[in-house]
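In what follows, a single structure is set out as C-alpha coordinates and then discussed.
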Amino acid sequence: MRIQTTSTDDAILIELGQRLATLRLSQDITQEQLASAAGVSKRTVQRLEDGSPAQLVNLIRCLRVLGQLTALDALLPPDAPNPIDLLERRGQARQRARPSVAEPPPTPWVWGDQK
(Lines give C-alpha, C1' and ligand atoms only; values in the text may rest on other atoms or scores of the structure.)
Protein backbone atom coordinates (compact mmCIF):
# COMPACT_ATOMS: atom_id res chain seq x y z
CA MET A 1 0.00 0.00 0.00
CA ARG A 2 1.17 3.48 -0.80
CA ILE A 3 0.51 6.32 1.57
CA GLN A 4 -2.04 8.63 -0.04
CA THR A 5 -2.66 12.27 0.75
CA THR A 6 -6.25 11.27 1.47
CA SER A 7 -5.21 8.62 4.01
CA THR A 8 -6.28 9.20 7.58
CA ASP A 9 -3.66 9.76 10.28
CA ASP A 10 -4.47 6.34 11.73
CA ALA A 11 -4.07 4.64 8.34
CA ILE A 12 -0.67 6.30 7.86
CA LEU A 13 0.48 5.23 11.32
CA ILE A 14 -0.63 1.65 10.66
CA GLU A 15 1.16 1.60 7.29
CA LEU A 16 4.38 3.00 8.77
CA GLY A 17 4.17 0.42 11.57
CA GLN A 18 3.75 -2.40 9.08
CA ARG A 19 6.71 -1.14 7.07
CA LEU A 20 8.85 -0.98 10.22
CA ALA A 21 7.86 -4.55 11.14
CA THR A 22 8.61 -5.80 7.62
CA LEU A 23 12.00 -4.10 7.66
CA ARG A 24 12.82 -5.53 11.08
CA LEU A 25 11.79 -9.04 10.06
CA SER A 26 13.76 -8.84 6.81
CA GLN A 27 16.87 -8.29 8.94
CA ASP A 28 15.98 -11.18 11.30
CA ILE A 29 15.80 -8.88 14.31
CA THR A 30 13.34 -9.52 17.13
CA GLN A 31 11.31 -6.74 18.68
CA GLU A 32 13.34 -7.19 21.84
CA GLN A 33 16.66 -6.89 19.97
CA LEU A 34 15.49 -3.78 18.14
CA ALA A 35 14.23 -2.21 21.35
CA SER A 36 17.50 -2.89 23.16
CA ALA A 37 19.66 -1.55 20.32
CA ALA A 38 17.45 1.55 19.89
CA GLY A 39 17.30 2.26 23.62
CA VAL A 40 13.53 1.97 23.83
CA SER A 41 11.25 -0.57 25.47
CA LYS A 42 9.93 -3.63 23.66
CA ARG A 43 6.45 -2.23 24.26
CA THR A 44 7.43 0.92 22.36
CA VAL A 45 8.49 -1.16 19.36
CA GLN A 46 5.21 -3.09 19.58
CA ARG A 47 3.27 0.18 19.66
CA LEU A 48 5.20 1.57 16.69
CA GLU A 49 4.51 -1.59 14.69
CA ASP A 50 0.84 -1.62 15.71
CA GLY A 51 0.46 1.94 14.43
CA SER A 52 -0.17 3.44 17.83
CA PRO A 53 0.75 7.09 18.14
CA ALA A 54 4.30 7.35 19.48
CA GLN A 55 7.02 9.91 19.79
CA LEU A 56 8.90 10.42 16.56
CA VAL A 57 12.21 10.08 18.37
CA ASN A 58 11.42 6.39 18.92
CA LEU A 59 10.83 5.87 15.20
CA ILE A 60 14.12 7.65 14.46
CA ARG A 61 15.98 5.42 16.92
CA CYS A 62 14.55 2.26 15.34
CA LEU A 63 15.32 3.45 11.80
CA ARG A 64 18.88 4.23 12.89
CA VAL A 65 19.37 0.69 14.23
CA LEU A 66 17.91 -0.79 11.03
CA GLY A 67 20.24 1.34 8.89
CA GLN A 68 17.34 3.22 7.29
CA LEU A 69 17.70 6.69 8.79
CA THR A 70 18.20 8.18 5.33
CA ALA A 71 14.68 6.97 4.48
CA LEU A 72 13.48 10.09 6.27
CA ASP A 73 14.74 12.08 3.27
CA ALA A 74 12.01 10.41 1.24
CA LEU A 75 9.51 11.30 3.96
CA LEU A 76 10.43 14.99 3.99
CA PRO A 77 12.83 15.71 1.15
CA PRO A 78 15.02 18.77 1.53
CA ASP A 79 13.68 21.73 -0.37
CA ALA A 80 16.10 23.38 -2.76
CA PRO A 81 16.12 27.17 -2.52
CA ASN A 82 14.63 29.12 -5.38
CA PRO A 83 17.56 30.60 -7.38
CA ILE A 84 15.70 33.86 -8.02
CA ASP A 85 14.94 34.28 -4.33
CA LEU A 86 18.62 33.71 -3.57
CA LEU A 87 19.60 36.41 -6.07
CA GLU A 88 17.08 38.84 -4.60
CA ARG A 89 18.37 38.16 -1.09
CA ARG A 90 22.02 38.19 -2.20
CA GLY A 91 22.60 34.54 -1.27
CA GLN A 92 20.98 34.77 2.17
CA ALA A 93 18.60 32.00 3.22
CA ARG A 94 14.98 32.96 3.73
CA GLN A 95 14.19 33.70 7.38
CA ARG A 96 10.46 34.44 7.36
CA ALA A 97 7.34 33.55 5.45
CA ARG A 98 5.59 36.27 3.53
CA PRO A 99 1.84 36.13 4.00
CA SER A 100 -0.17 36.43 0.83
CA VAL A 101 -1.55 39.91 0.27
CA ALA A 102 -4.73 38.46 -1.25
CA GLU A 103 -5.68 36.59 1.91
CA PRO A 104 -8.06 38.43 4.25
CA PRO A 105 -6.89 38.75 7.85
CA PRO A 106 -8.13 35.95 10.08
CA THR A 107 -11.27 36.67 12.03
CA PRO A 108 -10.74 36.72 15.77
CA TRP A 109 -11.84 33.60 17.61
CA VAL A 110 -14.86 33.98 19.88
CA TRP A 111 -16.36 31.55 22.34
CA GLY A 112 -19.64 30.05 21.08
CA ASP A 113 -21.95 32.34 19.16
CA GLN A 114 -20.98 35.55 20.92
CA LYS A 115 -20.74 38.56 18.68
Side-chain angles (χ1 to χ4, degrees):
M1 174 184 161
R2 291 192 53 131
I3 296 175
Q4 305 287 325
T5 56
T6 56
S7 299
T8 65
D9 292 349
D10 289 339
I12 292 170
L13 287 171
I14 289 169
E15 178 65 21
L16 290 175
Q18 290 172 349
R19 290 182 187 185
L20 180 65
T22 300
L23 181 61
R24 176 183 57 76
L25 291 170
S26 73
Q27 295 185 21
D28 275 337
I29 297 174
T30 66
Q31 287 180 332
E32 193 169 325
Q33 289 170 323
L34 177 57
S36 176
V40 298
S41 69
K42 180 182 174 194
R43 183 68 184 131
T44 295
V45 172
Q46 290 170 334
R47 286 180 181 146
L48 283 169
E49 291 183 358
D50 288 342
S52 298
Q55 298 173 358
L56 286 177
V57 71
N58 293 328
L59 179 60
I60 291 168
R61 288 175 179 170
C62 291
L63 290 174
R64 184 184 314 277
V65 168
L66 296 169
Q68 294 295 316
L69 194 56
T70 56
L72 291 176
D73 280 337
L75 181 64
L76 290 171
D79 191 23
N82 182 330
I84 296 193
D85 284 345
L86 286 176
L87 284 173
E88 289 175 354
R89 290 190 307 274
R90 296 183 178 93
Q92 298 295 317
R94 190 170 178 181
Q95 299 292 319
R96 294 184 179 91
R98 293 178 288 218
S100 174
V101 181
E103 291 182 28
T107 56
W109 183 85
V110 292
W111 185 265
D113 289 324
Q114 297 176 355
K115 296 187 181 188

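Side-chain heavy atoms closer than 4.5 Å link hydrophobic residues (I, L, V, M, F, W, Y) into clusters, and following such links, possibly through other members, connects I60 to L34. There is no path of hydrophobic side-chain contacts, each under 4.5 Å, that joins I14 to L23.
Looking at every heavy atom in both residues, L69 comes nearest to R64 through CD2-NH1, 3.3 Å. V40 and C62 make their closest contact through CG2-SG, 4.5 Å (heavy atoms, listed as atom of the first residue, atom of the second, distance). Contact detail for D28 and Q33: the closest heavy-atom pair is O-OE1, 3.9 Å. Residue G39 comes nearest to R61 through the heavy atom pair O-NH1, 3.7 Å, listed as atom of the first residue, atom of the second, then distance.
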Test log, rule side chain to side chain donor-acceptor pair (under 3.5 Å), inputs Q18 and E49: CA-CA 6 Å; Q18 290 172 349; E49 291 183 358; over 6 Å; no
Show the numbers, then the answer: is there a side chain to side chain contact (heavy atoms under 4.5 Å, CB included) between L13 and S52? CA-CA 7 Å; L13 287 171; S52 298; over 6 Å; no
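Q27 places a side-chain N or O within donor-acceptor distance of the main-chain N or O of L66, the cut-off being under 3.5 Å.
If you take CG on L48 and CZ on R24, they are separated by 11.0 Å, rounding to the nearest 0.5 Å. The CG atom of L20 sits 6.5 Å away from the CG atom of L63 when rounded to the nearest 0.5 Å. A distance of 4.5 Å separates CZ in R19 from CD in E15, rounded to the nearest 0.5 Å.
Using a 4.5 Å heavy-atom threshold, the side chains of S41 and T44 count as touching.
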